[in-house]
Amino acid sequence: MSVIRTDFEGDRGALFLLALKTGALTLLTAGIYRFWAKTRLRRWYWSAVRPGGAPMEYTGTPLEKLSGFLFAIIVLAILLAATNFSAIMTSVNLLDEMPAVFTTIVAIIPLLTAPFFFYARYRARRYILARTHWRGIRFGMEPGAIGYAIRACFLMALTVLTGGLLWPLMTFRLERFLTDRTWYGNARFTQHGGFARLYGPLLPFLVTFWGGIALIGYFLAQIVTMENGVPQLPEYVSSRTETWPLWTGILSILLSVLCAFYYKVAAIGILASGKTLGDGIEFDLYPRTRRILKIYFFGFHKTWIASGLVQSAVAGLIFGALWLGGGFSQEAIQAMILNPPVNVAIVSSVLTFLLLRLVFGVFWHTFITYPLIAHLAETAEIHNPELLNGIRQRDADRRMDAGGFAEALDTGAAF
Amino acid sequence: MSDAAIRNEAFASKLALTYAEFFDGVSPLRQRVSIRVNGDALELKNVETHAEHRWPLSTIRTLSDQASTEAMTFAPDDVNPARLIVREVGAMRAILNTDAPLRPLTGRRGGFVRLGVMATLAAACFGGLLFGLIPWFAETAAARIPQEAEVLLGQQQYGLTYGRQRQCSSPDGDAALRTMAARLTENADLHVPLTLRVVDLPHVNATALPGGQVTIWSGLLTAAERPEEVAAVLAHEIGHVAHRDPTRAQIRVMGSYGMIGLLFADTFGTATAAMVGQALDASYTRSAEADADAYSHQLLIEAGVSPDALGSLFARMEQQYGPSPDGLASLLSTHPAHADRIAASRDAAARADIGAGTPILSDVEWAALRGICTAAPAADGEGKG
Ligand SMILES: [Zn+2]
């Protein structure tokens with residue numbers, strides 16, 4: 001059985017410059033350029049990922065993103081107004097004064113917020129796939145955002161209600177929903193396997209999370225007294241009370257966040273190995289939790305340092321300009337640094353805010369997104385690639401909102 | 001053809017041709033092609049099947065923002081998914097040395113119409129909501145809100161705005177304030193009773209919140225030279241209460257919550273959104289301010305006080321702090337320029353023709369009001385208004 005691997009080929013310095021240039025233009029155009037910036041950065045990342053030596057290609061355009069964003073904010077503005085109106089009417093007892101139909105409509109809309117988030121995610125994924133090419137063949141995704149949103153809400157509720165016990169069910173079912181609707185040319189992806197395999201990597205989370213809850217519960221059981229069937233916290237805790245269950249419990253719950261991260265990374269690999277494309281092309285992905293944590297840690301560290309430098313640079317620039325150009329004495333400048341006048345404070349904080357935003361974006365791309373994608377790409381394997389040759393092109397999928405909802409809602413997608 | 005002939009042909013073409021990787025946009029099969037510029041077209045020939053493709057030089061596109069500099073990718077035009085990946089320097093040179101324009105691939109054109117439609121719709125939608133539906137809703141709701149709900153709303157707002165400020169109170173000061181308000185509201189028809197408070201804040205200011213909650217900042221009491229100047233400001237705030245402006249404004253803010261943020265979601269975040277929101281707010285309230293001033297002139301005249309008092313206070317403040325902002329900055333300011341308000345109050349005074357008027361407080365009462373933040377607190381701290 002033959003295997004093709006994926007290269008990641010791209011110069012970090014070039015990415016840094018591209019992110020800096022597009023980020024600066026975004027600031028200078030009051031945000032309009034962000035659709036161009038996003039397009040150009042996606043083009044760059046896609047072309048850096050080369051399964052079997054052939055680069056991926058991103059074909060989305062800035063104009064369609066801008067149109068999609070405008071469409072999305074129209075819909076969202078109307079939903080938001082209705083949500084606000086319903087909140088006002090309930091909070092100020094206006095309900096009796098308004099027509100009943102109006103009241104019911106505005107009362108239902110806030111319930112749509114959570115599904116909308118998932119709806120937006122599905123649409124964004126569909127858009128990205130429809131604009132991804134490899135070896136001259138388009139990827140694609142079937143419509144299904146509403147079904148996805150309903151399932152996601154239901155499974156999310158199950159997961160929360162069971163304290164994470166059914167988390168693998170949610171992970172697996174949602175991934176299968178997405179995978180089974182994804183195409184490469186005229187070949188369809190299929191998600192095999194079941195959710196049981198995900199319990200292995202979830203075990204550390206379940207142990208630390210429920211262990212922590214149990215420890216805190218044990219601690220509370222020691223100190224809480226019942227009065228007329230109502231639990232009461234004591235005024236003070238006696239020195240004889242054992243406090244170790246409290247702090248180990250809290251520690252354990254903090255640790256469970258790390259375990260949840262491990263689960264999510266491990267699940268990516270397990271789910272990838274259960275996917276097939278067409279007549280039997282198989283995949284493997286071996287993301288390492290430690291490697292990814294390292295990337296985040298050092299990426300944040302560098303971003304942190306750069307942000308500090310930006311803040312001092314802005315302050316230095318402003319007070320330097322005031323000193324050299326404004327004819328203020330050194331003492332006056334010193335007084336100003338300690339207690340800045342309102343206009344100086346506003347200018348420097350706005351400037352700092354904008355520059356921080358820029359630096360944060362640039363560093364995030366260079367030191368987090370870049371190594372993350374490189375890591376994922378380099379651990380990817382495609383088995384039986386000769387079967388690719390039987391695949392044929394699919395039609396272009398043009399009519400969509402170009403990820404506008406995800407953009408407007410800022411759903412936290414990586415790109 | 002004999003084997004030798006094939007070998008010769010292959011050898012000859014190797015000398016003249018360069019090679020590249022080709023994907024035909026129909027199948028993901030990797031094809032090796034020879035490339036040759038022939039007249040106004042690029043000829044691609046599969047080295048195994050000898051199938052040929054002709055790409056007119058004028059429509060060939062290059063892919064921009066590519067991560068690798070070791071290969072160049074070309075497309076026959078903006079829509080065809082076929083791709084040519086060139087790694088050999090000779091092959092790159094062969095293409096780059098032609099007079100092909102080699103524009104960057106931009107994808108399907110014609111998005112401008114859709115963009116224009118969307119931009120128009122978005123402008124109409126936001127305009128309709130921010131300047132039509134939301135103000136209408138605020139207007140309707142402010143007129144119908146039950147009195148208890150309005151008072152509750154005002155108390156919440158008071159807590160948010162002044163919760164951390166020291167509230168000033170003294171028996172004589174409170175009584176003086178009550179006297180002043182009673183003189184002013186004698187003929188006023190208010191839908192809620194007034195709740196008057198003085199807070200210890202150094203700026204010259206006063207505010208009206210929903211449910212008749214009027215708050216005077218101690219800075220106003222210090223800056224005023226006579227009680228009529230305080231009365232003029234108080235009358236202005238009573239004007240807001242009578243017109244339900246604070247309730248309307250509050251409902252408008254709640255109704256448009258998050259809407260400006262949608263436009264700036266990713267880039268500027270709260271800073272820009274807040275500034276645009278402030279400008280929007282200012283555009284709503286400037287006419288309400290003029291109305292409140294007109295109402296206050298009426299109240300003052302009926303109480304026998306010359307509306308000129310507002311003018312004299314503002315004129316003195318302008319001398320001290322410089323003129324109020326105009327031009328761009330005035331777009332962000334919720335109140336009309338001081339100069340206009342001074343002129344309006346002098347006009348009203350001239351028309352009413354009541355001269356200096358009657359003092360609204362006695363000297364003793366005035367002293368008690370001015371000292372309200374320094375005097376001993378009243379036994380009953382809530383007993384005002
Ligand atoms: Zn006002």
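Below, chains carry the letters A, B, ... as their sequence lines are ordered, and counting in each starts from 1.
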**OP:** With a 4.5 angstrom heavy-atom cut-off, could you sort out which part of B:Thr69 is near chain A: side chain, backbone, both or neither?
**Re:** neither
Original post:
What part of A:Asn389 gets closer than 4.5 Å to chain B, counting heavy atoms only: side chain, backbone, both or neither?
Top reply: both
Original post:
salt bridge (charged side-chain N to carboxylate O under 4.0 Å, His left out) with B:Glu21: which residues, sequence neighbours excluded?
Top reply: B:Arg30, B:Arg87
**OP:** Answer yes when B:Arg252 and B:Glu139 have at least one side-chain N-carboxylate O distance shorter than 4.0 Å, and no when they do not.
**Re:** no
**OP:** Using the six-membered ring of A:Phe139, assess whether NZ or CZ of A:Arg394 lies under 6.0 Å from its centre and within 45 degrees of the ring axis.
**Re:** no
Original post:
Can you list the residues that meet the salt bridge (charged side-chain N to carboxylate O under 4.0 Å, His left out) rule with B:Asp245, with sequence neighbours excluded?
Top reply: B:Arg248
Original post:
Which bit of B:Leu121 is near chain A, if near means a heavy-atom gap under 4.5 Å: side chain, backbone, both or neither?
Top reply: both
Original post:
Which answer fits B:Ala82, side chain, backbone, both or neither, if we ask what part of it has an atom under 4.5 Å from a heavy atom of chain A?
Top reply: neither
Original post:
In terms of heavy-atom pairs under 4.5 Å, which option from B:Ser27, B:Ala122, B:Ser256, B:Cys125 contacts chain A the most?
Top reply: B:Ser27
Subject >> Part of B:Phe126 within contact of chain A (heavy atom distance under 4.5 Å) >> reply: side chain
Original post:
Quick one: what part of B:Gln250 sits under 4.5 Å from any heavy atom of chain A, side chain, backbone, both or neither?
Top reply: neither
Original post:
For B:Leu63, is it the side chain, the backbone, both or neither that has a heavy atom under 4.5 Å from a heavy atom of chain A?
Top reply: side chain
Subject >> chain B contact via A:Ala14 - which portion, at a heavy-atom distance below 4.5 Å >> reply: neither
Original post:
B:Asp65 pairs by salt bridge (charged side-chain N to carboxylate O under 4.0 Å, His left out) with which of A:Arg43, A:Lys38, A:Lys21?
Top reply: A:Arg43
Original post:
Checking heavy atoms, do the side chain of B:Ile85, its backbone, both or neither come under 4.5 Å from chain A?
Top reply: side chain
Original post:
For A:Ile74, is it the side chain, the backbone, both or neither that has a heavy atom under 4.5 Å from a heavy atom of chain B?
Top reply: both
**OP:** Side chain from CB out, backbone as N, CA, C, O: work out which of these in A:Phe8 comes under 4.5 Å of a heavy atom of chain B, or both, or neither.
**Re:** neither
Subject >> CA sep, side-chain torsions, deciding dist, call: A:Thr132, A:Trp46, side-chain hydrogen bond (donor to acceptor under 3.5 Å, both in side chains) >> reply: CA-CA 8 Å; A:Thr132 299; A:Trp46 263 238; 2.9 Å; yes
**OP:** Could you check which of B:Val117, B:Thr73, B:Leu129 has the highest count of heavy-atom pairs closer than 4.5 Å to chain A?
**Re:** B:Leu129
Subject >> Test: B:Glu48 and B:Arg32 ion pair at under 4.0 Å >> reply: no
**OP:** Could you label the plane-to-plane angle of the A:Tyr184 and A:Trp134 rings as parallel, tilted or perpendicular, counting under 30° as parallel and over 60° as perpendicular?
**Re:** tilted
Original post:
Quick one: of A:Leu66, A:Asn84, A:Ile73, A:Leu358, who has the most non-hydrogen atom pairs under 4.5 Å with chain B?
Top reply: A:Asn84
Original post:
Looking at B:Arg61 and B:Asp77, does any basic side-chain N land under 4.0 Å from a carboxylate oxygen?
Top reply: no
Original post:
Quick one: what part of A:Leu76 sits under 4.5 Å from any heavy atom of chain B, side chain, backbone, both or neither?
Top reply: both
**OP:** First locate atom CG of B:Leu105, then atom CD1 of B:Ile60, and finally report the distance between them rounded to the nearest 0.5 Å.
**Re:** 12.5 Å
